[in-house]
Amino acid sequence: MKEFLGKTVSSGIAIGRILFFAKEKSVVTHKIITDCQAETDRFNEARECAKKQFDELKRKASAVVGDADARIFEAYEMILDDGMFVGGVADHINSEHVNAEYAVKLTGDELSLRFAQLEDEYFKARATDVKDIADRVISILCSEKCENSNKNFSDNDCICNSKNDGKCIDINEPVIVMAEELTPADTINMNTEKMLSIVTKQGSSLSHTAILARAMNIPALTGVDTDASSDGKLAIVDGNNGKLILEPNEETLKEYQLLLEQEAAYSRQMEELKNEEDITSDGKKIMLCANAGGIDDAIKALEYGASGIGLFRSEFIFLDKKDYPTEDEQYEIYKTVVCAMKGKPVVFRTLDIGADKKADYFNLEHEENPALGYRAIRICLDRTDVFKTQLRALYRASAYGKIAVMFPMIISLEEVLKIKAVCEEVKESLKNDGIDYGDVELGIMIETPAAVMISDILAKEVDFFSIGTNDLTQYTLAIDRQNTRLDKHYNPHHEALLRMIKLVIDNGHAGGCRVGICGELGADTTLTERFIQMGIDELSVSPSHLLPVRKAIRESISR
Ligand code: PEP
Ligand code: MG
């Protein structure tokens, strides 16, 4: 028995045999070429092919982890189109007369080094993504056939080594996948149903593979001294304590089998909660809703018996695109979500773009402080063309179900009055066009300290408040939520924040508003009873948190 320490990126316990995933990289040879245009064309064809493959991976990933997490592959497609990548490769081809494979390798190495040198931990973690993208383009260039390079997309009932010439390693039992490094594409290309856990040497908790592991709900460790000699050996992954136990002795194995059974019992208990009501032990009904980024999340929300969608992040529709989505395109998406929810309410949040969420076609200027900058409702109230298009699509979709619309990043009464005036204009224009729409409730996100402090005034203007604790924490504690170096200071349990939540609930209720929480804190089960005792009406959490929160609600006393 041997123990290896690592860093937990996803918690839980797994026991099984190790499958060591050895990735064969395409060998890149350096050639001097004469026809630069032909080489650039080869590169562009390979790039297009890679995009198709990432599209396919996104489709597969959606089925495994839901729409929001599957968007990783959209980010990949964006890098494939990014000027730094495309221009970098073209420069190498044209100035050094090198073959496309070599030019992609040079550019991939340069860009990934640039990312690795950044201070921000999140961007540092993107270095692996760039390398992964470059490797894929290289492997397509080496195989030269787009169809063939797709051969690693196997639906066979086995785990596939994606760079193993499409050969599958037949296994009949679930495995712990161990690798030096595992990319999201490697992960999704495998039969994820047989993946018990992921253990790697490289990678961070912010890597996309870590995000996938958490979404798949399997334990994952990184920073483990992995070794091909472990292949086939029995191991325990203790994702709760960051360790891998190789060839455990009988006593350790028994101890972990017991823990695993306890975890399984907990999961079964969760399953049983699917059809239970969200009622406290003393009989108070709480609206437990789901946060969603796409149709898959809506389906999960229904499966887990959510009361509705409490936050639909509509910006994802815009981030997916190369240009502004049209009214009809948006309408189709909103309508699909509303119909999928079968009469349960859906709260659509209008475009919350800016800060960390950027779409090139908005041509947003670089800002020193993007989190405090030009984002969300500030953009919408300037770009009323974009805003009205979205509102028209939402009102049209309201003819098919129960829709509410809420507005992000509010700081003033003036903003709310302007929004209501725009909504009236939109309704008027629909009436003039003879288009049906239903009753749409209007609400605002309370995610700035300013909105908290004037929540008594704002409550008179809207139907509901939804507290965005992610941003409210960052603005209250003056801590950039993207800066992982500040993680230890980012304390959403800070008394200042809890007092703000109480104030918003009281002011909301006094003004006749329903009050919910849709930020991450809503899923913190250590606070569920406290929120309920404060008077919260609704909690909206990611689909994977619905059942634990339901359990906490059912164990709470409301006063
Ligand atoms: C929030 O700020 O709490 C929130 C729900 O919005 P987002 O995380 O999308 O900014
Ligand atoms: Mg927010």
Side-chain angles (χ1 to χ4, degrees), residues 66-69 71 122 206 211 287-294 297 301 306 308-320 346-359 364 369-380 390 404-411 415 443-452 455 458 464-484 486-487 490-494 496-498 500-501 504-505 508 515-524 527 531 536 538-546 549:
D67 295 331
D69 289 311
R71 290 207 163 82
Y122 178 81
L206 293 167
I211 294 171
M287 284 273 287
L288 177 60
C289 295
N291 293 346
D297 294 329
I309 303 286
L311 163 65
F312 185 94
R313 289 182 162 99
S314 73
E315 57 275 9
F316 286 136
I317 297 165
F318 290 73
L319 296 174
D320 273 4
V346 183
V347 178
F348 287 98
R349 176 174 75 185
T350 56
L351 184 60
D352 186 6
I353 208 148
D356 56 319
K357 298 174 217 159
K358 295 251 161 60
L364 298 174
N369 284 309
L372 301 180
Y374 196 50
R375 61 175 288 197
I377 203 66
R378 296 168 189 179
I379 298 179
C380 287
Q390 179 170 37
V405 179
M406 77 172 165
F407 305 93
M409 284 294 292
I410 297 297
I411 58 166
E415 284 169 341
I444 54 172
M445 292 205 55
I446 303 286
E447 51 185 347
T448 64
V452 172
S455 49
L458 299 175
F464 64 94
F465 286 160
S466 188
I467 306 175
T469 51
N470 309 340
D471 276 318
L472 189 57
T473 308
Q474 92 163 330
Y475 297 129
T476 303
L477 304 184
I479 286 174
D480 177 358
R481 63 192 260 196
Q482 303 282 48
N483 187 342
T484 50
L486 299 176
D487 275 1
Y490 186 92
N491 172 18
H493 287 208
H494 195 295
L497 204 73
L498 296 173
M500 283 184 163
I501 293 172
V504 173
I505 295 172
V515 184
I517 296 176
C518 66
E520 296 290 314
L521 203 60
D524 184 335
L527 288 173
F531 291 147
I536 204 80
E538 178 184 313
L539 293 169
S540 190
V541 303
S542 69
S544 61
H545 288 125
L546 282 167
V549 175

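First listed ligand is number 1; within each ligand, the first listed atom is number 1. Just so you know, these numbers come straight off a predicted model, no measurement behind them.
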(request) Can you pull out the closest protein heavy atom to atom 6 (O) of ligand 1? Residue, atom name and distance to 0.1 Å, please. (result) R349 NH1, 2.9 Å
(request) Assess Q474 for proximity to ligand 1: is some non-hydrogen atom of it under 4.0 Å away? (result) no
(message) Using heavy atoms and a 4.0 Å limit, tell me yes or no: is M445 in contact with ligand 1?
(response) yes
(message) Is it the case that ligand 1 has an N or O less than 3.5 angstrom from some N or O of D471?
(response) yes
(request) Heavy-atom contacts with L311 under 4.0 Å: which atoms of ligand 1 show up? List them by number with element. (result) 5 (C)
(message) As an exercise, identify every atom of ligand 1 less than 4.0 angstrom from a heavy atom of G519.
(response) 3 (O), 5 (C)
(request) Look at atom 5 (C) of ligand 1 and say which protein heavy atom is nearest, naming residue and atom and giving the distance to 0.1 Å. (result) R313 NH2, 3.5 Å
(message) Are Y374 and I353 packed together at the side-chain level, in the sense that at least one heavy-atom pair is separated by less than 4.5 angstrom?
(response) no
(request) List every atom of ligand 1 that sits less than 4.0 Å from any heavy atom of R481, numbering the atoms from 1 in the order shown and giving each element. (result) 2 (O), 7 (P), 8 (O), 10 (O)
(message) With carbon and hydrogen excluded and only N/O/S kept, which atom of E447 is nearest the Mg ion (ligand 2)?
(response) OE1
(message) Between ligand 1 and T469, is the shortest N or O to N or O distance under 3.5 Å?
(response) yes
(message) Between ligand 1 and K357, can you find any atom pair, the residue atom being a heavy atom, that is separated by under 4.0 Å?
(response) yes
